[in-house]
Amino acid sequence: MGIKQIAKLANVSIGTIDRVLHKRGGVSKETEARVLKIIKETGYQKNMMASRLKLAAVKKINFAVLIPETKDKYSYWKLPKKGISKAVDELKDLGVKVDYYRFSGSSSSFGKASQQIFEGNYDAIITVPFFEKECNNLLRKAKERDIPVVFLDTQISLAEKAHFICQNSHMAGMVAGRLLHGLVGNKGKYFLVNILNDEGIQVNNKQREDGFRAFFKSIGQEVSINTINHPLNDTFEVTDEMRNWFKGDEPKGIFVTNSRAHLIPEILEEFKVSNTFLMGFDLNMKNLDYLKKDKINFLINQQPKYQGYVAIKGLFSLLTKQDTAELRLDIPVEIMVKEHFCCL
């Protein structure tokens, strides 16, 4: 059933049907009621894709993406960008465009980049919730302009309602605790490696650490857990205290709460640290290389490429069909081991 058939049944012009569908006015209440009744009875639904194709040449859908800088070729943030690019490529004929903004890892850099976005003309924003104050400012301004916002990677409590596409970081930390406990046991040593930004431990790193510690509490075990905080933009350096921690033949479990697990195997080799088990996050090339060599035992996959892809597709559905279903997504905790890649 198309609008021509609707117009014929209502005994009005196609232009009248179009005005009713788009709520443009200029139609009597009696005629509007008759048209809406026929639409309801026939089950007519507007072909959003066809309408979008017609509009694509004159009205673009512009997305702003604000993510951390990706100077390192192994950076985690290259992965969600790949997913975003894939979705935009699939939707480009429908008028979808994207502009990228980046911040250095500091809250001030994030705030400046956010301000630049609002100086432009965007229909939706995709970013990460690393800084509570700055994200609340972004959400407030977006709400004033009726611009939907989607956060990737992490979920935090914010003053305004927002969409999150991410993994449950606390649960991922509990899974890490369970996996390493199976290898290290109750009498071994455990180490947590976090990243620091200018406001302290990154939010998702802290959530994962809390989950890791919560696992041992849940099984009633008191184990030795040492925390190593690694500044975001500095080289990982081994301190005298860390050397002392690594001494001894007891089993050791190291949980890197971010995508930099690949930094650890060379350190363990340099300082001849033995009987060690290592796990971290994400399938960047260096992590995968060490996983295949059995120098990383487990990696938790957050599916960052998929997060970026779904964010674009979900926002497109929201903007064209008022459908938010794809923006309510909890990424499962996926455990990767070397056997996943034995034939690659």
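Nothing here was measured: the structure is a model prediction, and the numbers come from that model.
- A salt bridge is defined here as a Lys NZ or Arg NE, NH1 or NH2 lying under 4.0 Å from an Asp or Glu carboxylate O, and K295 with E269 meets this definition.
- The environment of CG in N11 is sparse: at most 12 heavy-atom neighbours from other residues, nucleotides or ligands sit within 6.0 Å.
- Judged by distance alone, the side chains of N205 and T257 do bring a donor and an acceptor atom under 3.5 Å apart.
- Residue F110 is grouped with residue F118 when hydrophobic side chains (ILVMFWY) are merged at heavy-atom distances under 4.5 angstrom, including chains of intermediate members.
- Across all their heavy atoms, P68 and V128 have their closest contact at CD-CG2, 4.2 Å.
- Here the side chain of T324 pairs no donor or acceptor atom with the backbone of L327 at under 3.5 angstrom.
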Distance-only criterion, 3.5 Å: show the donor-acceptor pairs between side-chain atoms of residues 147-155 and protein atoms not counting sequence neighbours.
unit_1, atom_1, unit_2, atom_2, d
D153, OD1, Y76, OH, 3.0
D153, OD2, N204, ND2, 2.8
T154, OG1, N204, ND2, 3.4

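- When all heavy atoms are compared, the tightest approach of P304 to D282 is CD-OD1, 4.3 Å.
- In this structure a side-chain-to-backbone donor-acceptor pair under 3.5 Å is present from D123 to N62.
- N229 places no side-chain N or O within donor-acceptor distance of the main-chain N or O of L196, the cut-off being under 3.5 Å.
- Shown here are the ring pair (Phe, Tyr, Trp, His ring centres under 6.0 Å) partners of F191, two or more places apart in sequence or in another chain: F246.
- Counting heavy atoms from C-beta outward, Q202 and I195 have side chains that approach closer than 4.5 Å.
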D289/I296 under side-chain contact (heavy atoms from CB on, under 4.5 Å): CA gap, chis, key distance, verdict: CA-CA 9 Å; D289 185 46; I296 292 177; over 6 Å; no
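- Other residues, nucleotides and ligands contribute more than 12 heavy atoms inside 6.0 Å of the CD atom of E144.
- The local environment of OH in Y306 is sparse, with at most 12 non-hydrogen atoms from other residues, nucleotides or ligands closer than 6.0 Å.
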Starting from the C-alpha separation in whole Å, work towards a yes-or-no answer on side-chain hydrogen bond (donor to acceptor under 3.5 Å, both in side chains) for T227 and R213. CA-CA 11 Å; T227 300; R213 293 180 182 277; 2.9 Å; yes
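- Listed here is the closest heavy atom pair of C135 and P129: SG-CA, 3.5 Å.
- Side chains of Q115 and Y101: a donor-acceptor N/O pair is absent below 3.5 angstrom, by distance only.
- A donor-acceptor contact shorter than 3.5 Å is absent between the side chain of S109 and the backbone of F103.
- With a 6.0 Å radius and a threshold of 12 heavy atoms from other residues, nucleotides or ligands, E41 has its CD atom above the threshold.
- The heavy-atom pair separating N284 from H262 by the smallest distance is OD1-CD2, 3.9 Å.
- Contacts of F212 classified as ring pair (Phe, Tyr, Trp, His ring centres under 6.0 Å), with partners at least two apart in sequence or in another chain: F216, F255.
- Across every non-hydrogen atom of Q302 and R208, the tightest pair is OE1-NH2, 2.8 Å.
- A heavy-atom distance below 4.5 Å is found between the side chains of I67 and V65.
- We find the CD1-OG1 distance between I117 and T127 to be 6.5 Å, quoted to the nearest 0.5 Å.
- Salt-bridge annotation for D240 and R243: present, with a side-chain N of the basic residue lying under 4.0 Å from a carboxylate O of the acidic one.
- Summarising the local packing, CG of N186 is surrounded by more than 12 heavy atoms from other residues, nucleotides or ligands at distances under 6.0 Å.
- Within the 3.5 Å criterion, the main-chain N or O of S106 finds no donor-acceptor partner in the side chain of S108.
- Between E250 and K189 there is a salt bridge, since a side-chain N of the basic residue sits under 4.0 Å from a carboxylate O of the acidic one.
- Checking side-chain atoms of R178 against main-chain N and O of M174 turns up no donor-acceptor pair under 3.5 Å.
- Contact of the Y309 side chain with the I84 side chain is not registered, since no non-hydrogen atoms from C-beta on lie closer than 4.5 Å.
- A single hydrophobic cluster is seen to contain both L66 and L315, as judged by linkage of ILVMFWY side chains at heavy-atom distances under 4.5 Å, directly or through other members.
- In this structure, the side chains of S114 and N137 stay at 4.5 Å or more apart for every pair of heavy atoms.
- By the 4.0 Å N-to-carboxylate-O rule, K92 lies close enough to D89 to be salt-bridged with it.
- Taking the side chain as every heavy atom from C-beta outward, V203 and E132 never approach each other to under 4.5 Å.
- Ion pair K313/E326 not flagged as a salt bridge, since none of the NZ, NE, NH1 or NH2 atoms sits closer than 4.0 Å to an Asp/Glu carboxylate oxygen.
- Counting only heavy atoms from C-beta outward, the side chains of R260 and L263 approach each other to under 4.5 Å.
- For E334, the CD atom counts as densely surrounded, since its 6.0 Å shell holds more than 12 non-hydrogen atoms of other residues, nucleotides or ligands.
- In this structure, CG on L36 lies 13.0 Å from NZ on K29, to the nearest 0.5 angstrom.
- Taking each heavy atom of E209 and L192 in turn, the nearest pair found is CG-CD1, 3.4 Å.
- Between Q167 atom CD and L329 atom CG the span is 11.0 Å, to the nearest 0.5 Å.
- Between Y290 and E266 there is a side-chain heavy-atom pair separated by less than 4.5 Å.
- Distance check: N194 CG to I228 CD1 gives 9.5 Å after rounding to the nearest 0.5 Å.
- No path of Ile, Leu, Val, Met, Phe, Trp and Tyr side chains, each step under 4.5 Å between heavy atoms, connects F281 with I201, placing them in separate hydrophobic clusters.
- Proximity of a side-chain donor or acceptor of Q307 to a complementary backbone N or O of G83 within less than 3.5 Å is not detected.
- Atom CD of E160 sits about 11.0 Å away from atom CG of L138, to the nearest 0.5 Å.
- Considering I335, N297, L299, I300 as possible partners of M279, the one that fulfils the side-chain contact (heavy atoms from CB on, under 4.5 Å) test is I300.
- Contact annotation: the side chain of S274 approaches that of D249 to within less than 4.5 Å [non-hydrogen atoms, C-beta and beyond].
- In this structure, K81 satisfies the cation-pi test against Y100, with its NZ or CZ atom closer than 6.0 Å to the six-membered ring centre and inside 45 degrees of the ring normal.
- Taken together through direct or relayed side-chain contacts under 4.5 Å among Ile, Leu, Val, Met, Phe, Trp and Tyr, I126 and F130 form part of one hydrophobic cluster.
- With respect to E32 and R19, no salt bridge is recorded, no charged nitrogen being found less than 4.0 Å from a carboxylate O.
- Note on W245 and L180: separate hydrophobic clusters, where clusters join Ile, Leu, Val, Met, Phe, Trp and Tyr whose side-chain heavy atoms are under 4.5 Å apart, directly or indirectly.
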Apply side-chain contact (heavy atoms from CB on, under 4.5 Å) to residues F63 and K97 and explain how you reach the verdict. CA-CA 6 Å; F63 293 93; K97 294 177 60 181; over 6 Å; no
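- Within the 3.5 Å criterion, the main-chain N or O of F316 finds a donor-acceptor partner in the side chain of T320.
- Atom-to-atom distance recorded for D294:CG and F277:CZ is 9.5 Å, nearest 0.5 angstrom.
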